[in-house]
Number of protein chains: 2
Amino acid sequence: MLDERKRKILQAIIDDYVSTAEPIGSRTIARKYDLGISPATIRNEMADLELLGYLEQPHTSAGRIPAAKGYRFYVDSLMSTPAISENDVMLITNWYQTRARRIEEVFQETAKIISRMTRNVSLVLAPQFGPAVFKYLQFMPLDNSRVILAIVTDTGYVENKVLTIPEGLVFDDLHRIAERINRRLSGQALEHIRSSVFHDIRQDFQHDRAVFDTLLEVIRQSIAGDKQERLYLGGTAQLLAQPEYRDVKKVKDLLSMLEEERLLCDILHTKESDGVVITIGGENKYSGIQDCSVVQATYRIDGQVVGTVAVLGPTRMEYGKITSVLEFMHRHLGDILNRYRL
Amino acid sequence: MLDERKRKILQAIIDDYVSTAEPIGSRTIARKYDLGISPATIRNEMADLELLGYLEQPHTSAGRIPAAKGYRFYVDSLMSTPAISENDVMLITNWYQTRARRIEEVFQETAKIISRMTRNVSLVLAPQFGPAVFKYLQFMPLDNSRVILAIVTDTGYVENKVLTIPEGLVFDDLHRIAERINRRLSGQALEHIRSSVFHDIRQDFQHDRAVFDTLLEVIRQSIAGDKQERLYLGGTAQLLAQPEYRDVKKVKDLLSMLEEERLLCDILHTKESDGVVITIGGENKYSGIQDCSVVQATYRIDGQVVGTVAVLGPTRMEYGKITSVLEFMHRHLGDILNRYRL
DNA sequence: ATTAGCACTCTACTGACGCGAGTGCTAACA
DNA sequence: TGTTAGCACTCGCGTCAGTAGAGTGCTAAT
């Protein structure tokens, strides 16, 4: 464990480096931070800290910068995460009110807000409807040849699709078919509706097999479609402001990665837990972001964990501030979403 | 008007510059392109072309690069736009089939495909439902306290929202209310449904005013929401591969702009026309993209123009290829979307 | 244990220099 | 008169050496 003085020095280095992105030397610390010790002493301590793995040196005659282990210690033991200010809360509330009308806009706006407040790329994983329960499907007339198929789950989510009425059937036939399917499937969890169930029902449809099969395909697709959650990205341009991305190649690599929705979802999923989780540099499993850190938190609707909010950026980031912001979102996003009646 | 030889030289310069991004000199042209004239002659011609504004010189001892006027002449008179190859069509069809399940995914995939084929940023403006006609609204039961309100238009688009059943009403009451509203509004164009109409209907609801007002607000929002079209972006990372964006500051500016959905919509809207439209460099009104070109085309569903596909990139772009791709999308995107039954 | 002093190291910046690519001009040529 | 060869000139770019500055580690004094 580090003694008080080493902690103070480490904290000073990290705080300074986070804001300036420059390696920091003993003299600077002595000058800026009033620790009551001379640069020489600080040098000795810094040498120790480097030996212990908390700091590293870009080259011999440069100052020190925090190593991954240093950041880790910082977030675990040194960092303070004050709740965000009244003022910020007001701002946020205001943004939501003026910008977000539809549910997707709430997610999009959330991503924007987070990226704006943290000056980093933000990721918002919108609810996946995995645990949803099938309630019923219903046909709604559209015109002579077409109907709308709506699938309703207990969460109030409606998937809809326009279908052409098959040859030889009228609207009422579809209505009856729907009733039969509903009787069988109502109350089933979407994820449990599998081929076997369909197979059973299919027996009931000696004639109209073709219709049934079309329907079935649509339903299956709808279910599959819902499971695939949506990812909202915010503030990719913020990346460019960071000095670690002065090199265009790095930017390109990261940006390409950010376009891989699947991958990002995976990354966020591997670390689900209740509070704010911070993954620093090499702690990330995916090699493309080993010089990045991820701060993430889940949020709930009605007690159910439904999604994740996260911030992605270089390891040099304001962990305290970011944690505060995500802590807030973790607590309130559910309520905000509820107001939009998901 | 330019004589044959000048045209050939201009074409050679543009073709070469587009692929190499390097200023091109007289020697190189003489070597690479078999025009049967010596570098000295080419030099003279190039000097003329520069005087006429078709070319410019980054500095005295560099080769020439095309000026905006040069590109303009190129796209108007020199460029060939062969239809895209059988092979590409196959690839595209395949991509759609494997990747796109829901309608939004079709747009997203379209953006990706365009950016992949053109190696530039793509923009896809999804249908706005301005000209849609209100068909009916319908309540669907969800649980004891909540219902789903679905609003159906003649295009088969369904907007849905979960509502809490107001105190003192039961599902059947809502049903009756819906019927009354439908009788009045059915067949009206969404954009014509204005406060005045609502006002009329409101007379019918001596009691239940509160319910009616809530409903009304939801409907109004739904209508407003639909009008605001969605923009899909593809291949922002492609930008970074272009040598003109070797400078991070430029990337940042452009990327920030790409996050302004509104702005992009406006830019695309100002140049709507039936075929492929090309806007080069300074021809763009918005100052942020004056060193960029935009190639855009509208697409139709059932003969109605419903959206725009576009490519945005540095003025140095493969206008021919890009035009071919957008020409294809302009023709077929409507059909593809139709297959998904929008 | 702390600190002042000092030699040492390494980077970033600067200016000089030469190379190469390309031009414009002139004069010769068909 | 249009085309071409030759040539002097210009300019950007990469290389190289030299310098300034920041920071370190070590040693000796406090």
Side-chain angles (χ1 to χ4, degrees), chain A residues 2-10 12-17 19-67 70 243-244 246-248, chain B residues 2-10 12-17 19-67 70 243-244 246-248:
Chain A
L2 302 181
D3 62 42
E4 184 59 19
R5 197 166 67 185
K6 282 199 174 53
R7 293 159 146 245
K8 275 195 174 154
I9 291 174
L10 181 56
I13 291 175
I14 292 182
D15 286 344
D16 207 78
Y17 184 66
S19 65
T20 64
E22 297 285 317
I24 175 170
S26 51
R27 257 186 81 88
T28 320
I29 292 184
R31 219 185 309 119
K32 274 199 192 172
Y33 302 83
D34 201 18
L35 303 181
I37 44 179
S38 78
T41 312
I42 296 175
R43 273 207 290 284
N44 290 330
E45 295 287 41
M46 282 163 87
D48 290 354
L49 284 168
E50 183 174 356
L51 221 62
L52 291 167
Y54 294 96
L55 297 179
E56 49 192 41
Q57 227 175 348
H59 56 265
T60 335
S61 79
R64 302 300 206 293
I65 62 173
E244 19 276 281
R246 229 174 291 159
D247 179 14
V248 179
Chain B
L2 301 180
D3 61 41
E4 184 59 18
R5 197 167 67 187
K6 281 198 175 56
R7 293 161 144 244
K8 276 196 175 153
I9 291 174
L10 182 56
I13 291 175
I14 292 183
D15 285 344
D16 207 78
Y17 183 66
S19 64
T20 65
E22 298 285 318
I24 177 170
S26 52
R27 259 187 80 87
T28 320
I29 293 185
R31 220 185 308 119
K32 274 199 191 173
Y33 302 83
D34 201 18
L35 303 180
I37 44 179
S38 77
T41 313
I42 295 175
R43 273 207 289 284
N44 290 330
E45 295 287 41
M46 282 164 88
D48 289 354
L49 284 169
E50 184 173 357
L51 221 61
L52 292 167
Y54 294 96
L55 297 179
E56 48 192 42
Q57 226 174 350
H59 56 264
T60 337
S61 80
R64 302 302 207 293
I65 61 174
E244 19 275 282
R246 231 174 289 159
D247 178 15
V248 179

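Values below: all heavy atoms of this structure, side chains included; hydrogens, waters and symmetry mates excluded. Lettering follows sequence order; numbering is per chain, from 1.
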Problem - Pairwise side-chain contact, A:Ile37 with A:Ile9, heavy-atom cut-off 4.5 Å (strictly under) - result: yes
Handout entry: Residue B:Thr41, side-chain atoms from C-beta onward, closest of C:dT3, D:dT3, D:dT24
Key = D:dT3
Practice task
Please confirm whether any donor atom in the side chain of B:Arg64 sits under 3.5 Å from an acceptor in the base of C:dG24, or the reverse.
Solution key: no
Problem - Atom CG of A:Asp34 with >12 non-hydrogen neighbours under 6.0 angstrom - result: no
Problem - Sugar-phosphate, base or nothing in reach of B:Ala40, heavy atoms under 4.0 Å - result: base
Handout entry: No-H, no-angle donor-acceptor pair, B:Ser61 side chain to D:dC11 base, under 3.5 Å
Key = yes
Problem - A:Lys32 side chain reached by A:Ile24 side chain, heavy atoms, under 4.5 Å - result: no
Handout entry: Protein-nucleotide distance (A:Ile42, atom CD1; C:dT2, atom C1'), rounded to Å
Key = 12 Å
Problem - Between D:dT24 (C1') and A:Glu50 (CD): distance, integer Å - result: 10 Å
Practice task
Let me know the distance between NZ of B:Lys6 and P of D:dG2, rounded to the nearest Å.
Solution key: 11 Å
Practice task
In whole angstrom, give the distance that lies between atom CD of A:Glu45 and atom P of D:dT24.
Solution key: 13 Å
Exercise for the section: Please state whether the base of C:dG22 and the side chain of B:Arg27 form at least one donor-acceptor pair under 3.5 Å? Expected result: no
Practice task
Quickly work out the A:Glu4 CD to C:dA1 P distance and round it to whole Å.
Solution key: 18 Å
Practice task
Figure out the CD/C1' separation between A:Gln57 and C:dT9, and round it to whole Å.
Solution key: 10 Å
Exercise for the section: Using whole Å, report how far CD of B:Glu22 lies from P of C:dG20. Expected result: 17 Å
Handout entry: Side chains of A:Tyr33 and A:Asp16, donor plus acceptor under 3.5 Å
Key = yes
Exercise for the section: Side chain of A:Arg43 only, please: which of C:dT3, D:dG25, C:dT23 is the nearest? Expected result: D:dG25
Exercise for the section: Would you check if B:Met46 and B:Ile13 make a side-chain contact, meaning some heavy-atom pair closer than 4.5 Å? Expected result: yes
Problem - A:Thr60 side chain near C:dC8 phosphate (N/O to OP1/OP2, under 4.0 Å) - result: no
Practice task
Give a yes or no on whether a donor-acceptor pair under 3.5 Å exists between the nucleobase atoms of C:dG22, that is its base, and the side chain of B:Arg31.
Solution key: no
Practice task
Figure out the CE/P separation between B:Met46 and D:dT3, and round it to whole Å.
Solution key: 16 Å
Problem - Proximity to the side chain of A:His59 - top-ranked nucleotide from C:dT3, C:dT11, C:dG24 - result: C:dT11
